[in-house]
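Values below: all heavy atoms of this structure, side chains included; hydrogens, waters and symmetry mates excluded. What you are looking at is a predicted structure, and each value in this text was computed from that prediction instead of being measured.
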Amino acid sequence: MSALNPSSAALRIALLAFAALTCATEPATTAVAGELPAVASRQRVEKKNFTDGEIVEGFLKTAFGAEYHLAGRVDRIRKFDGPVRVYAESDRTDRKTQLAKVVADIGKRVQHLDIAMIDSNEAANVRVKLVRDRDLFRTLTSFYGAEKAREIRTSLDPQCLSGFRKNDNFEIEHSDVILTVDNGDFVFLDCAYEELLQSLGPINDTASVPWTMFNDDVSMGYFDVYDQYILNLLYDPRIKAGMTVTEVKAVLPTVLADVRSWVKQVNDLKE
């Protein structure tokens with residue numbers, strides 16, 4: 001049974017949220033992010049200096065709430081509380097190689113997150129299913145049933161998406177990510193970064209923050225500095241699953257100071 005099968009909702013699923021992305025297609029060349037002109041051009045003009053208020057605003061707007069909400073409360077912090085192991089289901093070795101580089105990049109840039117690829121589906125708590133674009137709706141149907149799949153397609157018209165299951169303590173137990181493999185390198189990498197990162201907890205898209213990939217109008221194709229702030233805040237040990245907005249705000253000033261130092265170091269940022 002699928003980890004996100006709606007039939008299990010009454011037993012285990014307190015929350016199911018989706019993030020979707022729709023982008024223009026590009027020819028597939030199986031490049032990595034740094035080799036793509038579309039990524040390089042974005043990196044050249046990327047904003048890297050943010051005020052505390054700008055960072056906190058994006059964190060609170062993405063770590064709480066849910067773009068597509070099926071069940072359960074969305075007013076608490078949701079995150080993994082332990083190692084994250086990612087399994088890719090596909091016969092496309094080129095895309096699996098790209099995905100492994102995305103996972104490694106995320107692990108390098110989020111200080112307190114232990115994330116890595118794994119070869120066993122049974123031992124994974126993040127499953128990435130790589131499908132052809134023409135098979136996306138069929139895959140959604142197999143995961144969530146025909147009715148929910150139609151709702152997702154109508155409301156989100158996704159090119160890729162992710163969802164997670166959490167326990168009563170708001171700890172994520174399992175995430176599922178669906179990525180299409182045949183829409184070009186930029187689309188694949190853009191989807192892979194956004195959906196993998198959202199599967200870790202910041203599931204809510206926001207149109208009011210212009211620097212985050214969790215904005216449907218923003219396409220990155222790489223792990224930008226602003227979203228590194230968001231993920232590092234989320235996975236700092238002082239930000240715990242189940243915290244309310246008020247509880248998070250009480251510790252954010254201290255956490256943010258340490259996160260700033262880490263993001264500056266890992267990206268070699270200047271003052």
Give a yes or no on whether Lys47 atom NZ has more than 12 heavy-atom contacts from other residues, nucleotides or ligands under 6.0 Å away.
-> yes
Going by an N to O cut-off under 4.0 Å, is there a salt bridge joining Asp236 and Lys79?
-> no
Using 4.0 Å as the upper bound for N to carboxylate O, is an ion pair formed by Glu57 and Lys61?
-> yes
Sidechain N-carboxylate O distance under 4.0 Å for Arg238, Asp258 = yes
Ion pair check, Lys101 and Asp105, cut-off under 4.0 Å = no
Centroid separation Phe50 to Tyr226 less than 6.0 Å = yes
Pair Ser208-Thr206, side-chain donor/acceptor within less than 3.5 Å | yes
When rounded to the nearest 0.5 angstrom, what is the spacing between NE2 in His112 and CG in Leu234?
-> 12.0 Å
Donor + acceptor pair across side chains of Asn204, Thr62 (<3.5 Å) | no
Are Asn183 and Thr180 linked by a side-chain donor-acceptor pair shorter than 3.5 Å?
-> yes
Donor-acceptor side-chain pairing of Asn267 and Gln228 below 3.5 angstrom | yes
State plainly whether the residues Asp176 and Arg127 are in salt-bridge range, i.e. N to O under 4.0 Å.
-> yes
Here the gap from Thr212 atom OG1 to Met220 atom CE, rounded to the nearest 0.5 Å, amounts to 7.0 Å
Only one of Leu189, Val128, Val181 passes side chain to side chain contact (heavy atoms under 4.5 Å, CB included) with Leu99, and that residue is Val128
Pair Asp114 + Arg85: basic N to acidic O under 4.0 Å = yes
Inspect the surroundings of CG in Asn121 and state if more than 12 heavy atoms from other residues, nucleotides or ligands are less than 6.0 Å away.
-> yes
Asn232 and Arg109 side chains, donor-acceptor separation under 3.5 Å = no
Taking atom CG of Asp190 and atom CZ of Arg42, what is their separation to the nearest 0.5 Å?
-> 7.5 Å
